[in-house]
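Bear in mind that the values here come from a model prediction, so they are computed numbers and not experimental data.
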Amino acid sequence: MSTINPLLTLDVVELRDRLASGAVRAVEYVEACLARIEEIEPQVQAWAWLDSDFAMAQARALDARRQSGAAIGPLHGLPVGLKDVIDTARIPTSNGTSLDAGRVPEEDAVLVSQLKAAGAIIMGKTVSTELAFMHPSKTRNPHNPNHTPGGSSAGSAAAVAAAMVPLAVGTQTGGSVIRPASFCGVVGFKPSFGAIPRTGVLAQSPTLDTIGVFANSIGGAAMVAESLFGYDAGDRYTAPCPTPRLLETAKSDPLVTPMFAFVRPPQFDDVADEETVMAFREITGVLGEQCFEAPLPKAFDDAAALRAKINFVEMAKHYYAYEKHGRDQLSPEILKAIDQGNDVKARDYLAALDWRGLFNAGLEEVFKRCDAIITPAAPGPAPADLSTTGNAIFNGLWTFCGTPAITIPMLWSQNGMPMGIQLVGKVGNDARLLRTANWLKTYLSTQGEPDEQ
């Protein structure tokens, strides 16, 4: 591969400032992104739909707006990749399935309207796994094409990791933001459940589905998420409340040195590989008195099964039309989940829903003593296996509880693949979590990154 254009390596917050001042033109930056995509898309295969003319037309319009002296938005001129389960008006949205091939929505999803209002450029649609579930897509890991990029938002994670775009949006129902971000070596941020409206996004499991973002920095993730937070009458899980100042808080210094709780998630001893165990032993050692281990109550061992039960029941409902009209075109992974969902009794589904509150009550005792939970983003680096999207066991608990989570790409395995440090905050404490993540990244950088090659 040729040398990357220096513009594409800029921290996205610095890039935003340059675009806003006119030091960099939107047209200039989009041209650099398109050149990068043309170069490496054949290897990475991150895009489901891309139209260079469409991207350039937006860039020219935004440059003209800035030059006219009109007000510009907080994401002025920044290209964003959108997972192909997010509706875009007059742009194909196939939800990762042949059953929706040729589908062109008439309206934008709410979050797409928010991005446009903020001045972002809709670069294109990134690859989703089939119906945002577990059947692997065509996307490859930019660090090594023989390794999985994760799922189901792998196209978004890979596009940012490969410097095709500085920002991307995905969804997480189990681990589909945090895991691919970890595997691909970028920042992945899953906000608190209900923070970002989902109207116009494929519904798989409304109790769990969460919008998340990818960026090349923590500040970048905070910046784009801040533009997406908000109330939408069409999504009953959102609420009218002030938008937190995510970027400002993320960039600020904490009043006191943060405290961390190291949590071994359920099945840690069974699935965490040796490199992960050693890396977190070193991290907790470096943090010293600023980190304590917090064992989870035994009841948390059932979280994965309870989350899956909710996921599969709601999937069976929302994917009924796909199953009815195209069962023979669905993957074994989707069919197995739907069939399991159909077999769950109503009382068991309703009982599973009750556990979100119970688990959060248990986590409350941990959060009373810390600013954030620190835990692996995945059992290890991306597997050298394209028939899997990897194991989401270290993510599903936090999705179930609705807590905000972020992964920081600071670890490297011996085979040269990235690994993420996952931080988890209390529901609603998204800004505090981002600030804590920024502090941790700075602190570990000054101490020497664990497992650094």
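Note: Trp439 and Tyr443 have parallel aromatic rings, judged against thresholds of 30 and 60 degrees for the angle between ring planes.
Residue pairs meeting the salt bridge (charged side-chain N to carboxylate O under 4.0 Å, His left out) criterion with at least one partner in residues 398-418, sequence neighbours excluded, do not occur; the list is empty. Judged as a side chain to side chain donor-acceptor pair (under 3.5 Å), the pairs with a partner in residues 375-390 (not counting sequence neighbours) are, in order, Arg179-Thr389, Asp385-Ser387. Residues in residues 115-124 take part in these salt bridge (charged side-chain N to carboxylate O under 4.0 Å, His left out) pairs, two or more places apart or across chains: Asp108-Lys116. Note on residues 159-177: pairs passing side chain to side chain donor-acceptor pair (under 3.5 Å), not counting sequence neighbours, are Lys83-Thr171, Ser152-Ser176, Gln172-Thr399, Thr173-Asp209. Pairs engaging residues 234-249 under the side chain to side chain donor-acceptor pair (under 3.5 Å) rule: Arg198-Asp235 [sequence neighbours left out]. For residues 79-100, there are no ring-ring contact (aromatic ring centres under 6.0 Å, His included) pairs, not counting sequence neighbours.
In this structure, Glu282 CD and Met278 CE are separated by 8.0 Å, a value rounded to the nearest 0.5 Å. Atom OG1 of residue Thr93 and atom CG of residue Leu202 lie 10.5 Å apart, to the nearest 0.5 angstrom. Atom CE of Met223 is separated from atom CG of Leu167 by 5.5 Å, given to the nearest 0.5 angstrom. To the nearest 0.5 Å, atom CG of residue Asn216 and atom OG1 of residue Thr9 are 8.5 Å apart. Separating the CG atom in Asn311 from the OG atom in Ser205 is a distance of 4.5 Å, to the nearest 0.5 Å. From Trp49, atom CH2 reaches atom OG1 of Thr88 across 7.5 Å, with rounding to the nearest 0.5 Å.
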*Apply salt bridge (charged side-chain N to carboxylate O under 4.0 Å, His left out) to the pair Glu314 and Lys317, showing each step before the final yes or no.*
CA-CA 5 Å; Glu314 295 183 355; Lys317 174 192 174 185; over 6 Å; no
_Candidate pair Glu130 and Ser331, rule side-chain hydrogen bond (donor to acceptor under 3.5 Å, both in side chains), full reasoning_ = CA-CA 8 Å; Glu130 176 198 31; Ser331 70; 2.4 Å; yes
*asked:* With side chain to side chain contact (heavy atoms under 4.5 Å, CB included) as the criterion, how do Trp398 and Ile178 come out once you've worked through the C-alpha distance, each side chain's angles and the decisive distance to 0.1 Å?
replied: CA-CA 10 Å; Trp398 317 117; Ile178 299 299; over 6 Å; no
_Intermediate values then yes/no, salt bridge (charged side-chain N to carboxylate O under 4.0 Å, His left out), Asp87 and Lys125_ = CA-CA 10 Å; Asp87 280 356; Lys125 308 303 287 291; over 6 Å; no
*Run the side-chain hydrogen bond (donor to acceptor under 3.5 Å, both in side chains) check on Ser94 and Asp100 step by step: do they pass?*
CA-CA 5 Å; Ser94 64; Asp100 277 338; over 6 Å; no
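Taking a 6.0 Å sphere around NZ of Lys336, one finds it holds 12 or fewer heavy atoms contributed by other residues, nucleotides or ligands. Environment of CG in Asp270: crowded, with over 12 heavy atoms of neighbouring residues, nucleotides or ligands closer than 6.0 Å. Taking a 6.0 Å sphere around CD of Glu107, one finds it holds 12 or fewer heavy atoms contributed by other residues, nucleotides or ligands.
At a cut-off of 3.5 Å, with distance as the only test, no side-chain donor of Thr436 or Asp371 sits close to an acceptor on the other residue. Judged purely by distance below 3.5 Å, without hydrogens or angles, the side chains of Ser192 and Asp430 pair a donor atom with an acceptor atom.
With sequence neighbours excluded, the residues that form a ring-ring contact (aromatic ring centres under 6.0 Å, His included) with Phe400 are Phe359. Listed by chain and number, the residues in a side-chain hydrogen bond (donor to acceptor under 3.5 Å, both in side chains) with Asp11 are Ser217 (sequence neighbours excluded). By the ring-ring contact (aromatic ring centres under 6.0 Å, His included) test, Phe262 pairs with no residue at all, sequence neighbours left out. Scanning for ring-ring contact (aromatic ring centres under 6.0 Å, His included) contacts around His143 gives Trp412, with sequence neighbours left out. When the side-chain contact (heavy atoms from CB on, under 4.5 Å) test is applied to Arg25, the partners found at least two apart in sequence or on another chain are Val27, Glu28, Asp63.
The shortest distance between side-chain heavy atoms of Leu228 and Pro197 does not fall below 4.5 Å. Put simply, the side chain of Ile373 reaches to within 4.5 Å of the side chain of Leu363, judged on heavy atoms. Residues Leu397 and Arg307 fail the side-chain proximity criterion, which asks for heavy atoms closer than 4.5 Å. At least one side-chain heavy atom of Pro166 sits less than 4.5 Å from a side-chain heavy atom of Pro79. Side-chain atoms of Val112 and Ile86, non-hydrogen and from C-beta on, do get closer than 4.5 Å to each other. You'll find the side chain of Pro136 stays beyond 4.5 Å of the side chain of Thr148, heavy atoms only. The closest side-chain heavy-atom distance from Phe183 to Pro383 is below 4.5 Å. Inter-residue side-chain proximity for Leu131 and Gln204 is flagged as unmet; no heavy-atom pair is nearer than 4.5 Å.
Nearest heavy-atom pair, Val213 versus Ala225, reported as atom, atom and distance to 0.1 Å: CG2-CB, 4.4 Å. In terms of heavy atoms, Ala222 sits closest to Leu434 at CB-CD1, 3.8 Å. When all heavy atoms of Val177 and Gly212 are compared, the closest pair comes out as CG2-CA, 3.9 Å. Heavy-atom minimum distance, Ala46 versus Ala158: CB-CB, 4.4 Å. Residues Val85 and Ala132 share a closest heavy-atom pair of CG1-CB, 4.2 Å. Heavy atoms only, all atoms of each residue included: Ile37 and Met123 are closest at CD1-CE, 4.0 Å.
For the pair Thr129 (side chain) and Ser137 (backbone), a donor-acceptor distance under 3.5 Å is absent. Between the side chain of Thr276 and the main chain of Pro379, a donor-acceptor pair closer than 3.5 Å is present. Checking side-chain atoms of Glu41 against main-chain N and O of Trp47 turns up a donor-acceptor pair under 3.5 Å. Put simply, the side chain of Asp51 gets close to the backbone of Phe54: a donor and an acceptor are under 3.5 Å apart.
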Can you give me every donor-acceptor pair (side chain of residues 418-428, partner residue at least two apart or in another chain, under 3.5 Å) with its distance?
from   : atom 1 : to     : atom 2 : distance (Å)
Gln422 : NE2    : Pro376 : O      : 2.8
Gln422 : NE2    : Phe394 : O      : 3.1
Lys426 : NZ     : Glu364 : OE1    : 3.3
Lys426 : NZ     : Glu364 : OE2    : 3.3

